[in-house]
Amino acid sequence: MQTDPDDDDPCHEHDYCVSTEPAALDLSLNDNEELREEISRLRKQIEDLTVSSKFCLERFSASDDDIRFFTRFASHAHLMGFWKQIEPATHNIIRVTRARTVEKTDQVPHSASATVLQPIDEFFLFMNYLSLGLMQKDLAHRFRIHRSTVSRIINTWANFLYTVLGAVSIWLDVDTVKTHLPDVFQDYADTQVILDCTELRCQTPNSLLLQSEVFSTYKSHCTFKGLIGIAPHGAVTFVSSLYQGAISDKEILKQSGIVALLAPSMAIMVDKGFFVEDCVPCKVHIPTFLSKRAQLSRSEIRTTQSIARLRVYVERVIRRVKEHKIFSTVIPLSITGSINQIFTVACLLVNYQNGPLVKAWANNG
């Protein structure tokens, strides 16, 4: 039998030794590269769709207008600058749990299992609650979590920010105040703090005794009342606890603890309703009263007008605090246990959310 000479070739029945055409190999590599690019593009689309469908901080990070609306921070950069200051402390946050109903808290390290939201989005939720005054049910729908989870997040962050911001000393020494004193205060250069009270309307209690304690004749409504102080250049330097609405301005000043911070070399600037000269160890800049006179003298009119012009800065701070819409509604008695923390946090946040209040100081700085 005649045999085919190719039968002796070991590569005849197999293609192990057959090399791939270079053009085919290049085409295969190009196809793989295109597939990788397509996969990367689709993943990016999925990520974008996921972010756009979620109510979270990242979704609004590109819009400073949205950041101002949802958080009252001037810009996303302002907010992230603040977050970088408090973020390290969030790892030891004391989280409010269901056990809070029996006056207990669990201190747990922050982990993904502790809550379905990331810490920065919990903070974003709290700022939505504070800035927009949203109902907890509304927030639950927006963030796609249970309403009870929303309540625990709000209480947790109210306590956390109250502790963290409260640990920062905001009372300024005399030299610091004088260093930043605006030119418009040159006639009152000894002013250490400008003080004013503000009131938050609250739900009327069923108890007649409680009603009498929290009813404000000035607002003709039940209120909580607090004292706010700012330095002449606009920084918040004092925030009192909230008191019942029936308390007088003089009494709240005495109970707030600010008297212990004052020295004879200082002066405070107050509205005409503060009769506090006999309970502070320093000078008091206050508008002149008519008393039983028919009219004020020319110098008294000038003094009264100049003090009124300067006191407007503390009124602007109070207005900024009340731009947090939670204070635009009647405070329910159900959050009485946390309203003091929420009010203090809102006041202290003004120092981080906004720029200088006094134009003259801002121009010089």
Side-chain angles (χ1 to χ4, degrees), residues 103 130 133 155 158-159 162 166 170-171 193-230 236-262 268-282 284-291 307-308 311-350:
E103 298 301 321
L130 190 64
N155 288 330
N159 293 333
Y162 179 79
I170 59 173
W171 182 258
V193 63
I194 311 169
L195 297 170
D196 201 4
C197 284
T198 186
E199 297 186 61
L200 311 176
R201 294 195 307 160
C202 69
Q203 182 182 353
T204 302
N206 291 328
S207 167
L208 294 178
L209 177 60
L210 289 177
Q211 285 183 33
S212 65
E213 291 180 350
V214 299
F215 186 81
S216 168
T217 54
Y218 179 69
K219 293 290 185 180
S220 298
H221 199 282
C222 293
T223 66
F224 298 126
K225 190 172 184 179
L227 178 68
I228 298 177
I230 69 165
V236 175
T237 59
F238 184 83
V239 182
S240 78
S241 300
L242 288 174
Y243 297 85
Q244 64 274 21
I247 194 172
S248 67
D249 294 342
K250 181 176 182 178
E251 190 60 30
I252 197 173
L253 182 138
K254 290 166 64 177
Q255 293 189 25
S256 66
I258 193 172
V259 176
L261 301 174
L262 301 174
I268 62 173
M269 186 173 287
V270 295
D271 198 6
K272 58 185 178 182
F274 280 78
F275 304 104
V276 296
E277 291 88 345
D278 61 339
C279 61
V280 294
C282 61
V284 179
H285 296 306
I286 187 171
T288 308
F289 287 88
L290 274 174
S291 298
I307 292 176
R311 280 198 67 266
V312 72
Y313 298 123
V314 72
E315 293 170 1
R316 288 178 182 175
V317 168
I318 291 174
R319 184 182 67 196
R320 285 186 172 179
V321 171
K322 289 190 171 181
E323 283 177 354
H324 295 96
K325 300 302 182 184
I326 189 174
F327 303 128
S328 299
T329 59
V330 175
I331 305 297
L333 296 180
S334 59
I335 66 169
T336 301
S338 60
I339 189 59
N340 190 67
Q341 294 93 311
I342 291 172
F343 170 73
T344 302
V345 167
C347 293
L348 297 178
L349 281 174
V350 170

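Positions are given from 1, in the same order as the sequence printed here.
A 4.5 Å side-chain heavy-atom check between E213 and L210 finds at least one atom pair inside the cut-off. Side-chain contact between V314 and L195: absent, with no pair of heavy atoms (C-beta onward) separated by less than 4.5 Å. Under the 4.5 Å side-chain criterion, counting only non-hydrogen atoms from C-beta, Y162 is not in contact with S338. Side-chain contact between I339 and F327 is present, with heavy atoms from C-beta onward closer than 4.5 Å. Looking at heavy atoms from C-beta onward, W171 lies in side-chain contact with V193 at the 4.5 angstrom threshold. Side-chain contact between T198 and V321 is absent, with no heavy atoms from C-beta onward closer than 4.5 Å. The side-chain heavy atoms of I286 and E277, taken from C-beta on, include a pair separated by under 4.5 Å.
Shown are I258, I268, V270; of these, the side chain to side chain contact (heavy atoms under 4.5 Å, CB included) with V280 is made only by I268.
The nearest pair of heavy atoms linking R320 to H324 is O-ND1, 3.6 Å. Across L227 and S256, no two heavy atoms sit closer than the pair CD2-OG, 3.8 Å. Residues K322 and S328 come closest through the heavy atom pair O-OG, 3.9 Å. In plain terms, the two heavy atoms of L242 and N340 that are nearest each other are N-OD1, 2.8 Å. The minimum heavy-atom distance between P287 and D271, with the atom names listed, is CD-C, 4.0 Å.
Heavy-atom neighbours of D278 CG from other residues, nucleotides or ligands within 6.0 Å: above the threshold of 12. Annotation for K325: atom NZ does not count as buried by contact number, only 12 or fewer foreign heavy atoms lying within 6.0 Å.
Rounded to the nearest 0.5 Å, atoms CG (L200) and CD1 (I342) are 10.5 Å apart. Residue I228 holds its CD1 atom at 8.0 Å from OG of S240, rounded to the nearest 0.5 Å. Taken from CD1 in I230 to CD1 in I194, the straight-line distance is 4.5 Å, to the nearest 0.5 Å. One distance of note links SG of C282 with CG of L262; it measures 4.5 Å at 0.5 Å rounding. One distance of note links SG of C222 with CD1 of I331; it measures 13.0 Å at 0.5 Å rounding. Atom CG of D196 sits about 6.0 Å away from atom CD of E315, to the nearest 0.5 Å.
Without hydrogens or angle criteria, T344 side chain to Q341 main chain gives no donor-acceptor distance under 3.5 Å. Of the possible polar contacts, one joining the Q203 side chain to the L333 backbone as a donor-acceptor pair under 3.5 Å is found. Judged purely by atom type and a 3.5 angstrom limit, S248 uses its side chain to pair as donor or acceptor with the backbone of E251. Distance alone, capped at 3.5 Å, is enough to place a donor-acceptor pair between the Y243 side chain and the Q255 backbone.
Residues in residues 219-228 take part in these side chain to side chain donor-acceptor pair (under 3.5 Å) pairs, two or more places apart or across chains: E199-T223, K225-D249.
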key: Residues F215, T204; criterion side-chain contact (heavy atoms from CB on, under 4.5 Å); working and verdict   = CA-CA 8 Å; F215 186 81; T204 302; over 6 Å; no
